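Because the structure is predicted, anything quoted here is derived from the model rather than measured.
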Amino acid sequence: MALPAYECPMVVVGAGPAGLCAALEAAEAGIRALVMDENERGGGQLYKQIHRFFGSRHHGAGKRGFEIAAEMVEGCERAGVEIRLSSAVLGCFPGGELLVDGPEGVYLLRPQATVLATGAAERCFPFAGWTLPGVMGAGAAQTLLNVHGVLPGKRVLMVGAGNVGLIVAYQLLQAGAEVAGVVEAERGSRGYEVHLQRVRREGVPVYFRHRLLAAEGDEGVEAALVESVDEGRVRRFRVDALCLAVGLVPQAELAAMRGCRIAYADELGGFLPWHDREMRTSVPGVYVAGDAAGVEEASVAMDEGRLAAVAAAEDLGALDGARAAAKRKELLARLEGLRGGPTASHIRRARARLNAG
Amino acid sequence: MKERKERKESKEREEGKATGEGGRGAARDALQGGRDDPWTAAWEVSRRKAVAVVDCRQEIPCDPCETACRKGAIRVGDDVCALPISEPETCDGCGRCVALCPGMAIYLIDRSADGGKAAVTVPYEMGEEPRAGMEARVVDGEGKELGRGKILEVRAMGGAAATLLVKVEVPETWALKVRGVRLRQMFIEEPEEVEGYRGTGDCLICRCEEIARAEVEKAAGSGFRSLAALRRASRVGLGYCQGRFCREPLREELARKCGRGVEELGIGSPRPPLRPVKISRLGGGDVRDTQF
Amino acid sequence: MDLRVRRHPVLGDMGGGDEVTIFVDGRPLPARAGEPIAAALYAAGIRATRYSRGKGEARGPFCMVGRCTECAMTVDGIENVRTCVTPVRDGMRVDTPGVRRHGPARV
């Protein structure tokens, strides 16, 4: 069995904000990157996002996620970047070959540089009844709502009051569902205050120091049992959907297959490919960017994507040292700015640890 | 520059353990030019005209309010996490910042009409359509209902997928409290108390192979102390999803059982293919019946 | 049960598009052209997409991005089709795999 194999200068795995920005930056340096994505549309998770984004003017802030996604995809088209959709990278071999399953068939790519921008997956936790239809990830609910125009339920309970949980709770309301509450085990929200306030303004109760015990139902969720951590009081919420927003995990499998050193940072979502400040992994020619390099904001993913491309372009000889250094300086300063506030102190801590080795 | 320096110092204090809040408060005072709060000046100016009040209290990386303002009345500066500073005198009350603020944390107040009334303009993105002349529930930042107000005007701003700006008339004393209007009545029933709750029993940890948590605990207890060993012992994580949905809980379970940190267990050794693919497809066979 | 969103404050009109008919366990179900099978089913309140092989428990869409395979159904005779990432086609036959045995016990 010999699969067809193709040589190319650079492959970017993932057409989300990190991957598309990496491809755009590479194009500026004269490298035509090939962007692979398993989804039918480019833009990663951004095209499911209907809220206006934080960040700066460099990141399309103030526009809605799907608008930013469309602009980036258009930018790639203008720059001559080829985005291969419905093309899943199934493997990454120690020699650097990528195994692709796409509309053309199954084939191998042999890139000189590989940027892994594979994003993150939703974290799960098992509880009684979590397999019932109607229990789903908050991201799944968002796909149903904002892409397919279908409510996950008429009355929904959200588990997790981080940014994802709060944003999706608000989006459920926007689409016409009722939100019976947001349940959060901690004392406060890890998310932005403004997201919490928006949900509260609509009359949704947020239950801190509460945890989900079980989902009940037969053919699907009919109720959720929630316990107050401090009092041990158990209550039953009549809901027909339960959304889980308890964190994201970097998708580091391809990096691990390739032999990249894997690091661990709880603050960044768990296991991730170790990388330096310039987004180089431990394997020459392999770079990482975006949530795959540690879960942060989309704006961070964009600048990390550009950084990774600058490193790759420099290593390929397409960008001389001085120009690479200048670009890098600007991007690193921007990233420092994005991670500058008190809500990112845990990120700064984790990044410092990672950079130290 | 002085403000920037203070911000930096306060960040350093925070990094160095001594918690930041006090230090950040000082930096914020400096940013606000020594005024008590961002509202004082706006309140005065609102006697004469509609003016934006920026209720942004958390230093998050965000600056669209600055670019939204065509008059240059809102400044964030080079530090994207700095709290915006607004100049009510320069503000022309156009409302672009209200529409574009991702946190929906800016609103307009206008006390120029007499009679103890104020007009407050808030952003609105819910399904029930507001129209001038309607009565709406007016809520504060916590979602507490202040009372009712009459909608004076509705406009759309902020690109093709616009945000609505709803101007509502309220008693002047509410002007600084109003943060939203609500048109919909949600019937959220109070959750019912469950007396004598006895626990839910076991649950599945691996959805695909239907392996219960107790089985995993038992296997871990009898010496299968790595993800790979657990997989071999019970088939946990070997289903169609390839362990994507049980890997993290399994690691946590195992770490607990072994008294080790999750990080010590390692990521495992993922192998291609990352998701199921039919052998026939890999061999170049018929591609029509291949879904995984 | 109708879970369709027709008008959305940000996305506008979501009700458009041609209608096609798919057959779910033999019964006709209207769907919007181009939407995934799982979305058409869910919109009509059909949340269970399969019954698990061991316990015969109802399962439904969980990730909506083709990862969890909980929504895998038999489509036009082909088994294990991930319905959350497979668009409907007019006249498509969609069958629920597995046999229902029991649901989780109520507390």
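- B/Arg275 CZ to A/Glu253 CD: the interatomic distance, rounded to the nearest 0.5 Å, is 13.0 Å.
- Contact check for B/Arg213 versus A/Phe127: no side-chain heavy atoms found under the 4.5 Å cut-off.
- Looking at every heavy atom in both residues, B/Ile267 comes nearest to A/Ala252 through CD1-CB, 3.9 Å.
- A heavy-atom distance below 4.5 Å is not found between the side chains of A/Phe54 and B/Pro61.
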* To do: Quick one: do A/Val89 and B/Leu274 satisfy side chain to side chain contact (heavy atoms under 4.5 Å, CB included)? Show the steps, please.
  => CA-CA 8 Å; A/Val89 176; B/Leu274 254 186; over 6 Å; no
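- Residue pairs satisfying the side chain to side chain donor-acceptor pair (under 3.5 Å) criterion with at least one member in residues 254-269 of chain A, sequence neighbours excluded, are listed as follows: A/Tyr264-A/Asp266, A/Glu267-A/Arg353.
- Distance check, rounded to the nearest 0.5 Å: SG of B/Cys62 to CZ of A/Phe53 gives 11.5 Å.
- Remark: side-chain polar atoms of A/Arg64 are paired, donor with acceptor, to backbone N or O of B/Ala161 under 3.5 angstrom.
- Considering only heavy atoms from C-beta on, B/Val277 comes within 4.5 Å of A/Leu90 through its side chain.
- The CZ atom of A/Phe125 lies 10.5 Å from the CD atom of B/Glu252; values are rounded to the nearest 0.5 Å.
- Taking OG1 of A/Thr343 as the start and CD1 of B/Ile60 as the end, the distance is 6.5 Å to the nearest 0.5 Å.
- In terms of modelled atom types and a separation under 3.5 Å, the side chain of A/Arg57 and the main chain of B/Glu66 share no donor-acceptor contact.
- A heavy-atom distance below 4.5 Å is not found between the side chains of B/Lys144 and A/Arg200.
- In terms of non-hydrogen atom pairs under 4.5 Å with chain A, the most contact-rich of B/Pro102, B/Gly159, B/Pro64 is B/Pro102.
- The most heavy-atom pairs under 4.5 Å with chain A, out of B/Ala99, B/Gly268, B/Ser269, come from B/Ala99.
- Taking the side chain as every heavy atom from C-beta outward, B/Glu192 and A/Arg238 approach each other to under 4.5 Å.
- For the pair B/Arg251/A/Phe271, a side-chain contact is recorded, criterion being any heavy-atom separation below 4.5 Å from C-beta on.
- B/Thr163 touches chain A through backbone and side chain together, each having a heavy atom under 4.5 Å away.
- If you tally non-hydrogen atom pairs under 4.5 Å between each of A/Arg334, A/Arg155, A/Met257 and chain B, the highest count goes to A/Met257.
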Show which side-chain atoms of residues 178-188 of chain B pair as donor or acceptor with protein atoms under 3.5 Å away, not counting sequence neighbours.
{"residue": "B/Arg179", "atom": "NE", "partner": "B/Asp55", "partner atom": "OD2", "Å": "2.7"}
{"residue": "B/Arg179", "atom": "NH1", "partner": "B/Tyr107", "partner atom": "OH", "Å": "2.9"}
{"residue": "B/Arg179", "atom": "NH1", "partner": "B/Leu176", "partner atom": "O", "Å": "2.9"}
{"residue": "B/Arg179", "atom": "NH1", "partner": "B/Lys177", "partner atom": "O", "Å": "3.4"}
{"residue": "B/Arg179", "atom": "NH2", "partner": "B/Asp55", "partner atom": "OD2", "Å": "3.0"}
{"residue": "B/Arg179", "atom": "NH2", "partner": "B/Tyr107", "partner atom": "OH", "Å": "3.4"}
{"residue": "B/Arg179", "atom": "NH2", "partner": "B/Leu176", "partner atom": "O", "Å": "3.4"}
{"residue": "B/Arg182", "atom": "NE", "partner": "A/Arg201", "partner atom": "O", "Å": "2.9"}
{"residue": "B/Arg182", "atom": "NH2", "partner": "A/Arg201", "partner atom": "O", "Å": "2.9"}
{"residue": "B/Arg182", "atom": "NH2", "partner": "B/Gly143", "partner atom": "O", "Å": "2.8"}
{"residue": "B/Arg184", "atom": "NH1", "partner": "A/Leu173", "partner atom": "O", "Å": "3.4"}
{"residue": "B/Arg184", "atom": "NH1", "partner": "A/Ala177", "partner atom": "O", "Å": "3.3"}
{"residue": "B/Arg184", "atom": "NH2", "partner": "A/Gly176", "partner atom": "O", "Å": "3.0"}
{"residue": "B/Arg184", "atom": "NH2", "partner": "A/Ala177", "partner atom": "O", "Å": "2.9"}
{"residue": "B/Gln185", "atom": "OE1", "partner": "B/Arg137", "partner atom": "NH1", "Å": "3.3"}
{"residue": "B/Gln185", "atom": "OE1", "partner": "B/Arg137", "partner atom": "NH2", "Å": "3.4"}

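- Counting only distance, with no hydrogens or angles, the side chain of B/Gln58 and the backbone of A/Glu193 share a donor-acceptor pair below 3.5 Å.
- Among the candidates A/Gly55, A/Gly62, A/Cys124, the residue making the largest number of heavy-atom pairs closer than 4.5 Å to chain B is A/Gly55.
- Ranked by heavy-atom pairs under 4.5 Å with chain B, the first of A/Pro205, A/Ala175, A/Ala61 is A/Ala61.
- Neither the backbone nor the side chain of B/Glu128 comes within contact range of chain A; no heavy atoms are under 4.5 Å apart.
- A/Arg236 CZ to B/Tyr197 OH: the interatomic distance, rounded to the nearest 0.5 Å, is 9.5 Å.
- For B/Ala68, no part lies under 4.5 angstrom from a heavy atom of chain A.
- Listed options B/Gly127, B/Ala160, B/Cys206, B/Gly141 were ranked by heavy-atom pairs under 4.5 angstrom with chain A; first place goes to B/Gly141.
- Of the atoms belonging to A/Tyr170, heavy atoms from both backbone and side chain fall under 4.5 Å from chain B.
- Between A/Val249 and B/Glu248, some side-chain heavy-atom pair lies under the 4.5 Å cut-off.
- For A/Ala121, no part sits under 4.5 Å from any heavy atom of chain B, backbone or side chain.
- The shortest distance between side-chain heavy atoms of A/Pro342 and B/Glu59 falls below 4.5 Å.
- When all heavy atoms of B/Cys81 and A/Gly337 are compared, the closest pair comes out as SG-O, 3.3 Å.
- For B/Arg281 (side chain) and A/Asp101 (main-chain N/O), no donor-acceptor pair under 3.5 Å exists by modelled atom type.
- Proximity to chain B is absent for every atom of A/Glu297, based on heavy atoms less than 4.5 angstrom apart.
- Across A/Val179, A/Val204, A/Val226, the residue that shares the most heavy-atom pairs under 4.5 angstrom with chain B is A/Val179.
- Distance alone, capped at 3.5 Å, places no donor-acceptor pair between the A/Trp130 side chain and the B/Ile205 backbone.
- When A/Gln197, A/Glu202, A/His195 are compared by the number of non-hydrogen pairs under 4.5 Å with chain B, A/Glu202 comes out ahead.
- If you measure heavy-atom distances from A/Glu227 to chain B, you find no contacts under 4.5 Å at all.
- By number of non-hydrogen pairs under 4.5 angstrom with chain B, the leading residue of A/Gly91, A/Ala256, A/Ser56 is A/Ser56.
- Between the side chain of A/Arg52 and the backbone N or O of B/Gly158 there is at least one donor-acceptor pair closer than 3.5 Å.
- With chain A as the partner, the residue from B/Gly103, B/Cys65, B/Pro249 showing the most heavy-atom pairs under 4.5 Å is B/Gly103.
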